Amino acid sequence: MAAPPALWPRLGRAALVSFGIALVLALALLAGICIGETAIPPATVLRTLANKLFGAAYEIDRIDQGIVWNYRLTRAILAACCGAGLAVSGVVLQALLRNALADPYLLGISAGASTGAVLVTVVGIGAGAVSLSAGALAGALTAFLLVAVLARAAGGGAGPRGAGQIVLAGIAGSQLFNALTAFLITRSASAEQARGIMFWLLGNLSGVRWDDTARAVPVALAVTLVCLWHARALDAFTFGADSAASLGVPVRRVQATLILCAATATAVMVSIVGAIGFVGLVIPHAARFLVGVRHGRLLPAAALIGAVFLIAADVLSRTLVPGQVLPIGVITALVGAPVFALILIRARAAR
């Protein structure tokens with residue numbers, strides 16, 4: 001059955017936007033693969049992909065091919081998934097909590113996920129029956145519940161006071177779970193394990209492999225699609241839970257689904273690359289500035305900007321200091337901390 005004539009302009013715009021998103025993401029991935037301490041020409045990258053994906057027989061230096069396929073491509077894909085997942089989580093949390101400062105890192109979700117991951121890897125909780133991602137998810141959900149209970153006990157609600165209480169509760173939760181993580185590492189990890197885990201906790205894409213991308217890609221896509229499915233419900237939450245309920249939104253079910261999505265995305269990304277701060281805070285605000293507040297546009301824009309941002313941060317982490325690789329969390333903090341300060345200043349000016 002043919003689509004009605006009125007739908008063709010809308011479908012054409014959607015196709016054009018989808019093509020634009022794919023093109024921008026492809027160019028960002030190509031740049032992330034080409035740029036590094038050893039520059040690799042785009043032609044070499046494309047020939048390597050043709051050899052690996054389509055069985056072509058281009059003559060390529062084996063070292064360059066190994067760098068492209070086994071090192072930089074996996075890093076770039078994982079950075080894109082991590083950036084998109086954390087950005088979408090930030091959009092969801094800011095909409096549900098009606099708080100411009102809500103973010104998986106500031107609300108302690110990342111810290112809780114780190115604690116859960118360390119419990120599985122270092123302490124051995126689950127005796128091998130619990131996966132790293134499952135441990136991180138349990139920690140992330142525990143941290144969010146703790147922060148929510150603490151904020152409610154402190155009188156957090158709508159308005160500036162409620163926003164401040166939620167952020168303060170998140171800071172308290174982050175400190176608690178960071179302290180628990182440090183205690184577990186000190187008590188149970190060897191010196192070599194401790195060094196590796198502390199570097200990982202700052203955000204580390206070194207050593208990622210294809211099995212890591214196989215975990216990250218489906219999660220990032222699924223979370224983004226589920227949140228897009230609830231875009232109209234998120235628009236309704238802009239005016240509060242009561243207003244959303246009056247518009248026919250099943251508030252409890254939608255809240256549980258979307259919070260689970262945000263916690264899952266955060267937990268899986270943290271279990272692979274460690275805690276990366278400020279992506280879920282900065283990117284949603286940048287996306288709103290570009291496309292507005294409607295979540296049908298905001299969510300894909302935030303996912304794309306988050307993916308490109310973290311690919312760029314990864315490139316900087318590999319090239320900023322010659323001969324060394326910085327934790328990617330250092331780069332995101334250098335960008336995110338000043339933006340966080342600007343958001344606080346704007347919030348005060350708005351009052």
Side-chain angles (χ1 to χ4, degrees), residues 85-86 88-120 123 125-126 130 133-184 201 223 227 230 233-234 236-245 249-271 275 277-278 280-281 284 340 343-344 347:
L86 293 177
V88 168
S89 298
V91 171
V92 167
L93 291 173
Q94 289 171 14
L96 293 181
L97 300 177
R98 300 180 66 197
N99 187 338
L101 302 178
D103 156 65
Y105 190 78
L106 289 178
L107 293 182
I109 298 175
S110 294
S114 299
T115 302
V118 168
L119 279 170
V120 172
V123 181
I125 295 294
V130 178
S133 296
L137 177 59
L141 291 173
T142 301
F144 182 81
L145 290 174
L146 176 65
V147 169
V149 170
L150 182 58
R152 182 177 291 274
R161 174 179 170 79
Q165 296 292 351
I166 292 172
V167 171
L168 289 175
I171 292 172
S174 294
Q175 293 301 315
L176 172 62
F177 282 98
N178 285 334
L180 284 173
T181 301
F183 173 76
L184 292 171
L201 287 173
V223 165
C227 293
H230 292 89
L234 286 169
F237 274 103
T238 304
F239 305 100
D242 292 338
S243 298
V249 175
V251 171
R252 299 282 180 166
R253 180 174 62 80
V254 170
Q255 284 178 330
T257 299
L258 294 179
I259 287 172
L260 181 61
C261 283
T264 300
T266 303
V268 171
M269 302 312 165
V270 166
S271 70
F278 295 104
L281 173 66
F340 178 69
I343 293 171
L344 289 176

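Because the structure is a prediction, the values reported are computed rather than measured.
Each of Val270, Leu281, Thr266 was evaluated against Leu86; a single residue qualifies, Thr266, per the side chain to side chain contact (heavy atoms under 4.5 Å, CB included) test.
Of the inter-residue distances, the one linking Leu106 atom CG with Leu168 atom CG reads 11.0 Å to the nearest 0.5 angstrom. Expressed to the nearest 0.5 Å, how far CG of Leu137 lies from OG of Ser271 amounts to 9.5 Å. Interatomic distance, Ile109 CD1 to Leu141 CG, rounded to the nearest 0.5 Å: 8.5 Å. Atom CG of Leu234 is separated from atom CD of Gln94 by 11.5 Å, given to the nearest 0.5 angstrom. If you take CG on Leu258 and CZ on Arg253, they are separated by 9.5 Å, rounding to the nearest 0.5 Å. Remark: Phe278 CZ to Ser110 OG distance equals 11.0 Å, nearest 0.5 Å.
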| request: Determine, step by step, whether Leu97 and Leu107 satisfy the side-chain contact (heavy atoms from CB on, under 4.5 Å) criterion, reporting the C-alpha distance in whole Å, the side-chain angles of both residues, the deciding distance to 0.1 Å, and the verdict. | output: CA-CA 11 Å; Leu97 300 177; Leu107 293 182; 3.6 Å; yes
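When all heavy atoms of Val254 and Ala233 are compared, the closest pair comes out as CG1-CB, 4.0 Å. Considering every non-hydrogen atom in both Gly90 and Pro284, the closest pair reads C-CG, 3.9 Å. Shortest non-hydrogen contact noted between Ser114 and Ala275 is OG-CB, 3.9 Å. Between Ala236 and Val249, the shortest heavy-atom contact is CB-CG2, 4.0 Å. Among all heavy-atom pairs drawn from His230 and Thr257, the shortest one is CE1-CG2, 4.1 Å. Taking each heavy atom of Ala113 and Ala267 in turn, the nearest pair found is CB-CA, 4.0 Å.
For Phe237, the CZ atom counts as densely surrounded, since its 6.0 Å shell holds more than 12 non-hydrogen atoms of other residues, nucleotides or ligands.
Between Leu146 and Leu176 there is a side-chain heavy-atom pair separated by less than 4.5 Å.
Under a 3.5 Å cut-off, the side chain of Thr115 and the backbone N or O of Gly139 do not form any donor-acceptor pair.
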